[in-house]
Amino acid sequence: MLDPVIASRLQFALTTIVHIIFPVMSMGLAPFLIYFTWKDIRTDDPVYEQLRRFWTKIFAVSFVVGTVTGIVLEFEFGTNFAAFSTAAGELFGGPLATEGMMAFMLEATFLGVFVFGREKVSDALYMVSAVAVGLGTWLSAVWILVANSWMQTPRGYELASESGQLVVSLVDPIAAYANPRFPWMFVHMQNAAVLSVALFMAGVAAYHVWQRGIDADDDREAARFWRKTLKIALVVLLVTAPFQAIHGDAYGRHVYETQPQKFAAMEAVWETDSYVPEYIFAIPTSLEHITDPRAKELLGIGIPGGASWLASGGDPQAEITGLNEFDTEAPPVAIVFWSFRLMVAAGFWFILLAFWAAYRWWTDDLYDDDLLHKAFVGSSLLGIFAVEVGWIVTEVGRQPWVIQGVLKTSDGVSPGLTGFEATLTLVGFAVVYSGLLALYTYVIRRIIREGPPSVDETAAGAETASPAGVSGDD
């Protein structure tokens with residue numbers, strides 16, 4: 001049987017890694033759906049109704065599965081991390097409760113109108129429903145990230161004793177909930193979600209362009225749909241991919257200033273040093289160091305002084321405090337180090353892919369470059385992968401703390417939890433979540449294979465949707 005601390009951490013990691021896929025899809029699709037709805041109402045161009053209806057299916061499925069997998073995470077605070085919930089419940093419970101009462105209810109209420117009400121409500125109300133669903137989706141991220149960012153940079157609290165147990169008492173809600181980490185996390189996460197969905201849309205569209213032999217002169221109904229999808233996704237990718245890199249660079253300096261131990265783990269710096277290289281690619285000089293890489297024991301391609309430059313914002317001679325200088329044990333350095341590099345490598349690939357596609361668009365070869373189409377298909381899920389490894393850096397890099405500098409993860413696990421119970425639930429969750437992910441994949445794949453609704457279907461729906469006072473001309 002696994003140690004209950006290890007099993008609980010693995011279980012929470014497993015459920016989070018699977019769950020995050022669905023909010024990424026929902027949050028990333030929300031701006032697209034608002035745009036498609038607005039264009040559908042303003043232009044009456046059937047392609048925008050096709051776009052709205054097709055991607056709404058994927059949004060709705062993602063919302064449902066995300067709800068199922070997300071609720072379980074909140075229960076795990078009680079079943080596996082009861083000590084943490086007792087200690088931080090006064091501060092941590094508020095954002096989670098607000099997320100459910102405000103954001104989730106707003107999204108769930110208007111989602112019914114948005115999915116099923118196009119033929120039953122006016123254009124104005126339908127547009128309101130699209131905005132409300134998107135707003136609810138993004139407000140969910142606000143409150144989840146408020147809670148998580150406080151764990152990274154806790155503020156606005158005092159430590160008190162209740163019945164002999166140390167608890168976190170909220171004394172300044174503004175300082176706590178508007179903590180220094182929140183704006184960085186929110187912007188980075190939301191842009192990553194939109195970027196991930198843009199990649200997914202481009203990959204799906206490129207697959208159909210490639211497989212169906214679609215070119216710029218193809219006048220088939222489906223051809224127009226996939227060309228429009230590819231172009232819209234590419235425009236968004238051209239904005240979000242470079243911005244993610246620029247913002248990530250500034251975000252790294254914030255981590256250096258507020259969580260120096262995490263930054264040292266990201267760069268595998270054990271001894272305090274200056275002019276630290278930023279390794280683009282690296283392997284340990286000895287296999288015995290594969291799980292414990294150190295900056296002086298890496299063989300790879302690096303930018304001299306790059307890590308110091310990243311930490312300071314421009315000074316390649318800046319000093320980085322090594323992991324040996326901290327009183328607590330180091331995070332699992334290998335996981336943080338390699339995850340960070342995978343995230344950064346993916347980010348630069350997205351930029352290259354975006355500008356490659358933009359160049360082919362400019363030369364009127366966007367639909368003729370099969371190599372580009374294959375690259376998009378192969379990269380369609382890389383955005384979600386980058387989000388996954390980014391969250392690994394964020395959460396594993398904070399270890400051994402569950403609340404930075406306040407409460408260790410080992411002290412937050414439920415005290416009565418046994419190794420047998422924790423291992424049993426871990427195995428059960430692995431089976432159930434694997435099944436849910438497989439089912440989600442099957443449904444999404446089926447939606448994609450079926451393709452968009454035909455223009456005739458959308459026109460028939462529009463005619464059915466024209467009772468007095470509700471038509472698109474109102």
Side-chain angles (χ1 to χ4, degrees), residues 1-20 69-97 99 144-154 157-170 176 181 259 261-262 265 291 323 326-336 339 388 391-434:
M1 296 296 106
L2 294 174
D3 178 84
V5 175
I6 297 298
S8 295
R9 289 177 60 183
L10 287 174
Q11 179 178 311
F12 200 87
L14 168 70
T15 50
T16 303
I17 284 172
V18 175
H19 168 70
I20 194 64
T69 56
I71 289 175
V72 175
L73 286 169
E74 299 192 12
F75 282 109
E76 285 183 279
F77 290 125
T79 58
N80 293 75
F81 294 95
F84 163 76
S85 300
T86 301
E90 179 178 332
L91 196 144
F92 200 75
L96 296 185
E99 187 270 335
I144 296 299
L145 293 178
V146 160
N148 189 278
S149 62
W150 179 83
M151 295 164 66
Q152 309 284 337
T153 54
Y157 71 96
E158 287 182 355
L159 294 177
S161 179
E162 292 184 2
S163 303
Q165 182 171 350
L166 195 67
V167 298
V168 175
S169 179
L170 178 62
R181 179 59 55 84
Q259 291 179 296
Q261 187 178 25
K262 178 189 288 188
T291 59
L323 290 165
F326 297 94
D327 295 334
T328 58
E329 63 267 32
V333 175
I335 296 175
V336 180
S339 295
E388 299 278 16
W391 270 107
I392 289 173
V393 174
T394 298
E395 297 305 299
V396 178
R398 188 182 64 234
Q399 301 303 319
W401 303 102
V402 63
I403 304 175
Q404 183 72 46
V406 178
L407 180 69
K408 290 188 175 181
T409 305
S410 57
D411 296 328
V413 174
S414 303
L417 188 65
T418 67
F420 173 77
E421 293 168 337
T423 304
L424 181 64
T425 56
L426 170 61
V427 173
F429 272 65
V431 172
V432 172
Y433 270 61
S434 297

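Between the side chain of Arg398 and the backbone N or O of Val402, at least one donor-acceptor pair lies under 3.5 Å. Although no hydrogens or angles enter the test, the distance criterion places no donor-acceptor pair under 3.5 Å between the side chain of Tyr157 and the main chain of Ala88.
The shortest heavy-atom contact between Pro331 and Leu323 is CD-CD2, 4.1 Å. Ser414 and Gly78 get closest at one heavy-atom pair: OG-O, 3.7 Å. Across all non-hydrogen atoms, the minimal contact from Leu426 to Leu14 is O-CD2, 4.3 Å. Between Leu417 and Val413, the shortest heavy-atom distance links the atoms CD2-CG1, 4.3 Å. Minimum interatomic distance between Ala430 and Ser434 (heavy atoms only, all atoms of both residues): O-OG, 2.6 Å. Among all heavy-atom pairs drawn from Phe429 and Thr15, the shortest one is CD2-CG2, 3.3 Å.
With rounding to the nearest 0.5 angstrom, the OG1 atom of Thr409 is 10.0 Å from the CD1 atom of Ile6. Rounding to the nearest 0.5 Å gives a distance of 9.5 Å between CD1 of Ile17 and CG of Leu10. The structure places CG of Leu2 at 11.0 Å from CD of Gln11, a figure rounded to the nearest 0.5 Å. To the nearest 0.5 Å, the span separating CD on Glu158 from CG on Leu91 amounts to 12.0 Å.
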Run the salt bridge (Lys or Arg N to Asp or Glu O under 4.0 Å) check on Glu329 and Lys408 step by step: do they pass? CA-CA 11 Å; Glu329 63 267 32; Lys408 290 188 175 181; 3.7 Å; yes
Between Gln152 and Lys262, is the side chain to side chain donor-acceptor pair (under 3.5 Å) condition met? List the steps. CA-CA 10 Å; Gln152 309 284 337; Lys262 178 189 288 188; 2.9 Å; yes
Applying side-chain contact (heavy atoms from CB on, under 4.5 Å) to Glu421 and Leu424, what does each step give before you reach the verdict? CA-CA 5 Å; Glu421 293 168 337; Leu424 181 64; 5.8 Å; no
Is there a side-chain contact (heavy atoms from CB on, under 4.5 Å) between Thr418 and Met1 once you walk through the steps? CA-CA 9 Å; Thr418 67; Met1 296 296 106; over 6 Å; no
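Put simply, the side chain of Val406 does not reach to within 4.5 Å of the side chain of Trp401, judged on heavy atoms. Side chains of Ile403 and Phe92 form no contact here, defined as non-hydrogen atoms less than 4.5 Å apart. Contact check for Ile144 versus Leu96: side-chain heavy atoms found under the 4.5 Å cut-off. A heavy-atom distance below 4.5 Å is not found between the side chains of Thr16 and His19. Thr394 has its side chain within reach of Trp391: a pair of non-hydrogen atoms, C-beta onward, lies under 4.5 Å apart. The closest side-chain heavy-atom distance from Gln404 to Arg181 is not below 4.5 Å. Contact check for Glu90 versus Val168: no side-chain heavy atoms found under the 4.5 Å cut-off. Taking 4.5 Å as the limit, every side-chain heavy atom of Val336 sits out of range of all side-chain heavy atoms of Ile392.
Within 6.0 Å of the CZ atom in Phe420, the count of heavy atoms belonging to other residues, nucleotides or ligands does not exceed 12.
The aromatic rings of Phe84 and Phe77 sit tilted relative to each other, their planes meeting at an angle between 30° and 60°.
Considering Thr79, Thr425, Asn80, Thr423 as possible partners of Ser8, the one that fulfils the side-chain hydrogen bond (donor to acceptor under 3.5 Å, both in side chains) test is Asn80.
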